[in-house]
Amino acid sequence: MAGGPVLPIGWQNGAFVPAEAVTLPLLAPGVTYAASVFEGIRAYAGPNGAALFRLQEHCERLRQSCVVLGLDEIPDPGEMTQTVVELMARNGVTEDTYIRVQVYVDGDGDMTARGPTGAAILARPRPQLTKRLEAGLRCQVSSWRRLTDNASPPRVKAAANYLNGRLAGLQAKADGYDTALLLTEDGQVAEAPGACVLLVRDGVLITPPVTAGILESLTRDTVLRQAREAGVVAGIAERVVDRTELYAASEVMLVGTGMEITPVVGVDRFTVGDGTRGPVTEALQELYFTAVRGTAPVPERWRTPIPTQQEQRP
């Protein structure tokens, strides 16, 4: 949750509490055995106030992750949506903010414990990283392979899955790169740690399919829908991607809640395009930020306004 200090009010197990009171007990399976799932959600400032982006769908995906995790008590997506909105209002959020919703096995059970279910929410300011969005990142194709659906399903946003990305990211940084790209066990492109991969070849926007060891990303879905509707590319292809296509691409980008739409300017020893942010990436960034900030029409469910404290008063 890189950014500013944690906002003063948090939420845990049904109660709004001081942020410093939100803790996870050491012996809980959510800590000891990584029996935990989460969502990272963004709120963005806009001309009509701050709003949460695709909040309802984040909470629905959280429910599905809880199902696969095998929890006895699964938070209701509608109730969780309302809780996040109220928490943001209580914190007086008017600026760009990152929200972490964590659901975990509480208590002190064993590895297969299904409950009790704990849930917690914290948030902090997360300003737009303009320099990264313009200058881009250099990536290394990792020697670590992406985990598979029959081992630890990547479409589940489980905390345990992020060890895979951590190992790849540590290797990349040790070797002088900004981040990593992971391949599947078959040697095809999967995703980056915490972000999906898109590339441009001959005017076509290409991305690995949801069966290629990736998280079913809401940001990826947003970008593909916007690219299709705005006609910024000659076509869109969701298909298997070979490693060497990364070297042949005119543009590569990483997309995700944290990454937003970040250009990749180099992969391994190869420069992507001319080594700067490409025109398709820039066009998709513009479309994305008009959507999240509410300066262009979007589907009704995409933006959930955060009430001001004045609006909350009876």
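- Residues Arg61 and Glu57 form no side-chain contact, since every pair of their non-hydrogen atoms from C-beta on lies 4.5 Å or further apart.
- Here CG of Leu215 is found 10.0 Å from CZ of Arg220. Values are rounded to the nearest 0.5 Å.
- Nearest heavy atom pair, residue Val101 against residue Met80, reads CG1-SD, 3.9 Å.
- In this structure a side-chain-to-backbone donor-acceptor pair under 3.5 Å is missing from Ser217 to Gly256.
- Other residues, nucleotides and ligands place more than 12 heavy atoms under 6.0 Å from the CG atom of Asn13.
- When the shell of 6.0 Å around CG of Asp242 is examined, it contains more than 12 heavy atoms from other residues, nucleotides or ligands.
- By the 4.5 Å heavy-atom criterion applied to side chains, Ile206 and Val241 are counted as neighbours.
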*Test side chain to side chain contact (heavy atoms under 4.5 Å, CB included) on Cys139 and Leu246 and set out the steps.*
CA-CA 10 Å; Cys139 297; Leu246 296 168; over 6 Å; no
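- With a 4.5 Å cut-off on side-chain heavy atoms, Leu198 and Leu224 count as touching.
- Within a 6.0 Å sphere centred on CH2 of Trp144, heavy atoms belonging to other residues, nucleotides or ligands number 12 at most.
- Under a 3.5 Å cut-off, the side chain of Gln140 and the backbone N or O of Asp175 do not form any donor-acceptor pair.
- Taking both residues in full, the closest heavy atoms of Cys66 and Val37 are given as SG-CG2, 3.8 Å, listed atom of the first, atom of the second, then distance.
- For the pair Thr117 and Ile74, the minimum side-chain heavy-atom distance is 4.5 Å or more.
- Judged purely by atom type and a 3.5 angstrom limit, Thr97 has no side-chain atom pairing as donor or acceptor with the backbone of Ala43.
- Gln12 places no side-chain N or O within donor-acceptor distance of the main-chain N or O of Ala120, the cut-off being under 3.5 Å.
- With respect to Glu191 and Arg146, a salt bridge is recorded, a charged nitrogen being found less than 4.0 Å from a carboxylate O.
- With a 4.5 Å cut-off on side-chain heavy atoms, Trp11 and Arg90 do not count as touching.
- More than 12 heavy atoms of other shown residues, nucleotides or ligands fall within 6.0 angstrom of atom CD in Glu245.
- No donor-acceptor pair closer than 3.5 Å links the side chain of Asp221 to the backbone N or O of Glu216.
- With Met253 as the partner, the side chain to side chain contact (heavy atoms under 4.5 Å, CB included) test is satisfied by one option alone out of Leu205, Thr207, Val264: Leu205.
- Using a 4.0 Å cut-off between charged side-chain N and carboxylate O, Asp178 and Arg132 make no salt bridge.
- Side-chain contact between Pro193 and Thr179 is present, with at least one heavy-atom pair separated by less than 4.5 Å.
- Taking every heavy atom of both residues into account, Met88 and Ala123 meet most closely at CE-CB, 3.7 Å.
- Annotation for Ala160 and Ala34: closest pair CB-CB, 3.8 Å, computed over non-hydrogen atoms.
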*Could you please spell out the steps behind the side-chain hydrogen bond (donor to acceptor under 3.5 Å, both in side chains) verdict for Thr148 and Glu185?*
CA-CA 8 Å; Thr148 63; Glu185 284 293 341; over 6 Å; no
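- Gln226 places a side-chain N or O within donor-acceptor distance of the main-chain N or O of Leu287, the cut-off being under 3.5 Å.
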*asked:* Test side chain to side chain contact (heavy atoms under 4.5 Å, CB included) on Arg243 and Asp268; report intermediate values, then the result.
replied: CA-CA 11 Å; Arg243 173 178 180 166; Asp268 294 340; 3.0 Å; yes
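- Residues Tyr44 and Asp96 share a closest heavy-atom pair of CA-OD1, 3.5 Å.
- Between the OG1 atom of Thr184 and the CZ atom of Arg145 there is a distance of 7.0 Å, given to the nearest 0.5 Å.
- Closest approach of Gly203 and Val233 over heavy atoms only: O-CB, 3.3 Å.
- Using a 4.5 Å heavy-atom threshold, the side chains of Tyr33 and Val105 count as separate.
- Arg269 CZ: 12 or fewer foreign heavy atoms inside a 6.0 Å radius.
- The number of heavy-atom neighbours closer than 6.0 Å to CZ of Arg166, taken from other residues, nucleotides and ligands shown, is 12 or below.
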*May I have the step-by-step check of side chain to side chain contact (heavy atoms under 4.5 Å, CB included) for Thr211 and Asp149, ending in yes or no?*
CA-CA 8 Å; Thr211 52; Asp149 191 64; over 6 Å; no
